Amino acid sequence: MDSALLGSGLPTCSVNISINGENRSLDIPPWVTLLDLLRGPLELTGTKKGCDHGQCGACTVLINGERVNSCLKLAVSLDGAEVTTIEGLGTPDNLHPMQKAFVEHDAFQCGYCTPGQICSAVGLVKEGRARSRADIRELMSGNLCRCGAYSNIADAIEEVLGAEGAQPYKEAAE
Amino acid sequence: MLNESKVVGLPLARIDGPLKVSGKARYAAEHFATDMLFGRVLPATIATGRITDIDVSEAERFPGVVKVYTYKNRPTVAKRESKWKDEVALPGYTMRPLEDDHVQFDGQPIAFVVAENFEAARDAAELIRVRYAAYDPHTDLLQEQANSYEPPVPRMKEFMPPKPRGDAEGAFAQAPHKIAFEYYMEGEHHNPMELFGSTVLWEKDGRLTIHDKTQGPQNSHDYVCNVFGLKPENVVVQNKFVGGAFGQGLRPKYQLFLAVMASLDLRRSVKAEMSRREMFYLTWRPVCLQKVSLAADAEGNLQSIMHHALGGTSRYEDYQENVANWSGMAYKCDNVKISYEIAKLDRSTPGDMRAPGAASGVTALETAMDELAYEVGIDPLELRIRNFIHVDQNQDKELTSKALHACYREAAESFGWANRSHEPRSMKDGNELVGWGMATGFWEAQLSEAEAKVSLSSDGKVVVSAAASDIGTGTYTILNQVAAEAFGVSPQAVTVRIGDSSLPKTSVEGGSWTAASSGSAVQVAARAVVATLLKHAQSMPNSPLADASEDQVEIAEGRLVLQANHQVGVAFADIMEAAGVSEVEEHGKVAPDPATMKKFSAYTHSAVFVEVKVDEELLIPRVTRVVTAVAAGRILNPKTARSQILGGVVMGVGMALHEEGMVDHRTGRVMNHNLAEYHVPAHADIEDLEVIFVKEDDDKVSPIGVKGLGEIGIVGVAAAVSNAIFHATGKRIRHFPMTIDKLLAEPDRH
């Protein structure tokens with residue numbers, strides 16, 4: 001089914017990519033980015049296109065747990081990779097803690113940069129490098145938000161970091 | 001008025017939040033159909049001239065390409081200009097994509113490639129060979145000053161400068177303290193994160209369902225019907241989710257025209273999405289040159305205000321905005337002269353961008369006020385307070401409300417303004433100079449015509465419908481709250497349906513008027529539902545409400561009851577059963593009240609206090625703290641309201657320090673058409689922001705007492721940053737954005 005969606009008579013490469021825990025066998029023309037694969041044939045439109053140049057972060061997904069701009073990855077280069085998109089983190093009825101924190105802190109307005117911000121924030125927490133609010137601001141600067149929700153986004157991430165027991169957020173929580 | 005709020009006024013989390021954070025909210029280019037085609041635009045690479053040759057043969061042969069459109073083969077569309085005028089159209093000739101061989105601005109769409117997949121359309125567009133006869137471009141406003149003119153056809157009469165009052169020149173000449181400076185703002189680009197896109201779903205019976213990125217689905221709908229001669233009932237335009245717009249989505253964009261054109265021609269569904277580069281080519285905040293002259297007596301009382309503004313426009317339309325009129329209503333002054341002109345440039349037509357006019361004009365005025373405070377030798381806040389005024393001198397009207405004193409007081413106190421030392425360059429933190437600056441903000445509080453439909457079903461479910469838009473503003477949530485309040489139900493019982501051209505008529509979302517207008521329409525419709533219920537209840541035998549009038553009843557806990565005594569009433573399920581209906585549905589409509597408008601002006605007000613820290617040697621400025629106090633009438637939802645102000649402040653920081661549309665005037669081309677070279681504030685640029693809503697009761701501005709919040713957050717911010725930089729460094733930068741190069745080049749004037 002997947003290859004039929006992509007097919008237009010062009011030469012393709014076969015890859016296996018795990019997307020949100022589901023193994024997908026895909027025949028993909030080599031010029032297709034991960035972003036366009038997700039947003040087009042796979043209809044996973046939670047991953048957003050904001051610039052197509054790696055400048056805005058709206059397309060951020062997790063590849064093998066690390067945050068990556070999916071517009072800068074050719075899909076055929078991801079054979080064997082595990083991709084997690086915003087749809088794989090949680091659903092409206094069962095939100096991931098970061099998604100929940102974003103809602104509570106009103107960490108978005110239009111919502112378009114939001115999936116990228118959340119994937120980036122989840123990657124940031126896993127990296128374990130953020131020790132202060134200044135760190136959060138610096139390490140989240142690859143994700144632009146034109147609605148200007150930055151301070152609320154930092155609040156949401158701080159809350160999750162505190163709950164995860166990251167230093168010094170753990171001390172602050174105690 | 002809604003009294004004793006139970007839902008309105010609560011910081012309810014956005015009801016569309018769970019969809020947005022889980023990627024389930026679908027934006028314009030995120031809809032699908034089998035057999036979908038993809039369109040891609042080729043932008044022109046000259047600013048002015050003619051296409052002498054356009055060779056599409058290689059593109060047409062590219063695998064997957066279905067058709068390439070240029071001016072040579074564009075299908076026939078409406079000719080009469082009136083058919084092209086959208087709801088927000090301007091005086092002039094509307095840009096018609098692929099009209100002829102003329103190029104009038106860099107980036108003008110000159111070809112549209114339609115292919116079976118996105119990649120083929122994208123790559124084939126690069127294979128089109130174009131030859132031009134390029135003319136000399138005129139894109140520099142400073143060079144075009146001699147060709148400026150007063151717009152012969154006003155866009156709106158409110159944008160025309162007020163008649164001069166008193167003798168501004170004479171008073172200026174005689175005053176002991178005076179300043180007169182020029183302020184220059186580079187053009188800005190909205191850059192909402194979502195790219196402009198349209199998905200046109202073509203159905204065999206000729207009907208079109210269009211998902212469009214717009215601030216007004218009915219505006220896009222009417223434009224498409226008029227331009228292509230389609231029956232209104234055969235077209236539906238939806239914008240359920242809009243990934244930001246800030247004014248750029250007020251007028252229909254060319255991808256809408258092109259996608260519909262191709263869909264009708266090829267009889268297939270078509271999706272077209274702009275590239276980020278294309279987002280820079282049309283609808284931008286115009287470059288603006290202003291001269292402000294202020295004079296005061298020894299105590300700082302304003303004796304004269306003169307403000308002249310010059311804005312850029314295109315060759316083909318006269319874009320106009322209210323840049324300078326603010327200077328005639330902001331402070332008490334009896335000698336005022338205001339003028340406004342525009343000049344044609346070989347660029348696309350500018351458009352409204354967050355607080356259009358005010359963002360530029362108030363920045364100049366409020367920087368000038370700071371300059372005057374230092375000339376007189378008094379505190380900048382004290383200067384504003386001394387010149388406070390309670391009426392609108394421009395229009396000789398009363399104000400519906402003006403809680404600006406409270407804004408000054410509460411923001412100054414929270415900021416700690418009393419601890420400020422007056423002298424520039426007198427505060428330090430390590431190797432950084434510290435500066436504190438402030439400004440006042442103004443915006444119009446407007447009510448636009450709006451309709452809404454509200455239904456209440458016997459099981460207590462409420463549905464609200466209107467063709468309003470939520471561009472990140474919180475419309476879904478606040479309309480829910482107004483309806484929940486009216487029927488005494490929980491927000492979970494309310495469904496809000498907006499973003500659809502087939503729903504009750506609503507203006508484009510702009511000017512900060514949606515909450516006041518659509519919110520009021522929902523309340524009017526809800527009251528009509530209550531009135532109908534009462535009528536039904538009074539038809540019941542032995543009705544306990546037989547003698548009650550509409551204004552004596554309300555709904556509480558599922559019953560229609562007397563306000564004065566909730567014991568007396570009837571369950572609305574019983575009322576509906578007796579009337580033989582399962583739901584009651586009514587329309588509501590609001591429009592500005594001419595009697596009120598004749599007597600009163602209505603504005604939102606704000607006070608913005610900013611701290612900057614500037615590296616003493618490198619002069620890198622950063623905004624470390626902003627406190628904004630806003631007087632905007634009733635606040636429906638403090639959580640989403642606060643976010644609106646935060647967003648305005650962040651964009652104001654961008655205006656102050658980062659955002660600069662750069663044009664190579666030798667070629668007339670935009671140089672920095674991407675997000676790496678056109679800088680917008682990033683996480684690292686935004687530190688401590690505080691928002692205060694002061695109490696302001698206003699029973700005249702709108703039926704629900706709301707003034708609107710979309711614009712006021714940005715107004716005054718750039719001036720407050722500029723004033724803080726002066727306080728930190730002694731350097732006065734009058735050319736925005738205030739980038740490091742300008743700071744390094746500027747002598748310490750203090």
Side-chain angles (χ1 to χ4, degrees), chain A residues 6 8-10 29 31-32 36 39-40 43-53 55-56 58 85-87 89-93 95-96 98-100 102-104 106-115 118 136-154, chain B residues 11 13-14 16-27 29-30 32 63-64 116-120 123 190-195 241-246 273 275-276 470-474 639-640 642-644 646-651 674-676 680-689:
Chain A
L6 284 161
S8 53
L10 293 158
W31 61 0
V32 177
D36 288 325
R39 280 176 70 77
E43 299 191 13
L44 288 168
T45 55
T47 306
K48 305 302 185 190
K49 183 181 284 191
C51 71
D52 228 4
H53 282 72
Q55 296 171 344
C56 77
T85 70
I86 191 72
E87 292 94 341
L89 286 181
T91 59
D93 298 328
L95 295 175
H96 181 281
M98 190 64 79
Q99 292 171 318
K100 204 177 281 178
F102 267 61
V103 173
E104 280 163 12
D106 209 34
F108 55 90
Q109 292 176 45
C110 79
Y112 197 79
C113 75
T114 310
I118 290 172
I136 294 174
R137 293 196 291 106
E138 182 64 30
L139 296 167
M140 285 297 292
S141 280
N143 291 83
L144 297 177
C145 167
R146 192 56 165 153
C147 296
Y150 294 126
S151 54
N152 289 351
I153 293 170
Chain B
R14 271 168 219 270
D16 49 336
L19 287 176
K20 284 180 172 174
V21 299
S22 60
K24 298 289 186 199
R26 291 221 161 166
Y27 297 78
E30 298 175 350
F32 297 90
E116 298 285 351
N117 58 73
F118 163 71
E119 289 81 5
D123 285 22
H190 306 62
N191 278 309
M193 295 312 300
E194 182 195 15
L195 303 163
F241 295 99
V242 182
F246 315 111
E273 194 176 28
S275 62
R276 178 55 61 182
D470 189 331
I471 60 173
T473 40
K639 190 187 280 255
T640 54
R642 178 173 172 273
S643 289
Q644 289 253 72
L646 290 176
V649 170
V650 170
M651 207 174 269
N674 62 75
L675 292 171
V680 300
H683 272 282
D685 298 310
I686 300 304
E687 304 193 24
D688 186 6
L689 309 183

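A, B, ... follow the sequence lines: proteins, then strands. Residue 1 opens every chain. Here the structure is a predicted model, which means the values were calculated and not measured.
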Name the member of [options] that forms the most heavy-atom pairs with chain A at distances under 4.5 Å.
{"options": "B:Leu689, B:Val680, B:Val649", "result": "B:Val680"}
{"options": "B:Arg276, B:Lys24, B:Glu30", "result": "B:Glu30"}
{"options": "B:Asn674, B:Leu19, B:Ile471", "result": "B:Asn674"}
{"options": "B:Ala682, B:Ala13, B:Gly23", "result": "B:Ala682"}

Residue part contacting chain A, namely of [X], when any heavy atom lies under 4.5 Å:
{"X": "B:Ser275", "value": "neither"}
{"X": "B:Ala676", "value": "both"}
{"X": "B:Thr640", "value": "both"}
{"X": "B:Val21", "value": "both"}
{"X": "B:Ala120", "value": "both"}
{"X": "B:Pro192", "value": "backbone"}
{"X": "B:Phe241", "value": "neither"}

Minimal non-hydrogen separation, [X] against [Y], with atom names:
{"X": "B:His683", "Y": "A:Ser141", "answer": "CB-OG, 3.6 Å"}
{"X": "B:Gly243", "Y": "A:Cys110", "answer": "C-SG, 3.3 Å"}
{"X": "B:Ser22", "Y": "A:Leu95", "answer": "CB-CD2, 4.3 Å"}

Select one option (side chain, backbone, both, neither) describing which atoms of [X] are under 4.5 Å from chain B's heavy atoms.
{"X": "A:Asp52", "value": "side chain"}
{"X": "A:Thr114", "value": "side chain"}
{"X": "A:Leu89", "value": "neither"}

Hey, are the side chains of [X] and [Y] touching, using non-hydrogen atoms and a 4.5 Å cut-off?
{"X": "B:Arg642", "Y": "A:Asp106", "result": "no"}
{"X": "B:His190", "Y": "A:Arg146", "result": "no"}
{"X": "A:Phe108", "Y": "B:Ser643", "result": "no"}

So which of [options] has the largest heavy-atom pair count under 4.5 angstrom toward chain B?
{"options": "A:Gly90, A:Gly111, A:Ser151", "result": "A:Gly111"}
{"options": "A:Thr85, A:Asn143, A:Ile86, A:Ile118", "result": "A:Ile86"}
{"options": "A:Pro115, A:Cys147, A:Ala58", "result": "A:Cys147"}
{"options": "A:Asn152, A:Leu139, A:Thr91, A:Thr47", "result": "A:Asn152"}

message: How about CD on A:Glu104, more than 12 heavy atoms from neighbouring residues, nucleotides or ligands closer than 6.0 Å, or not?
response: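 Result for CD/A:Glu104: enclosed.
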So does [Y] get a backbone contact from the side chain of [X], meaning a donor-acceptor N/O pair under 3.5 Å?
{"X": "B:Lys20", "Y": "A:Val103", "answer": "no"}
{"X": "B:Tyr27", "Y": "A:Lys48", "answer": "no"}
{"X": "A:Gln55", "Y": "B:Leu675", "answer": "yes"}

field: Euclidean distance, B:Leu195 CG relative to A:Cys56 SG, rounded to 0.5 Å
entry: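 The distance works out to 8.0 Å.
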- prompt: To the nearest 0.5 Å, how far apart are CE in B:Met193 and OH in A:Tyr112?
  reply: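 Atom-to-atom, B:Met193:CE and A:Tyr112:OH are 8.5 Å apart.
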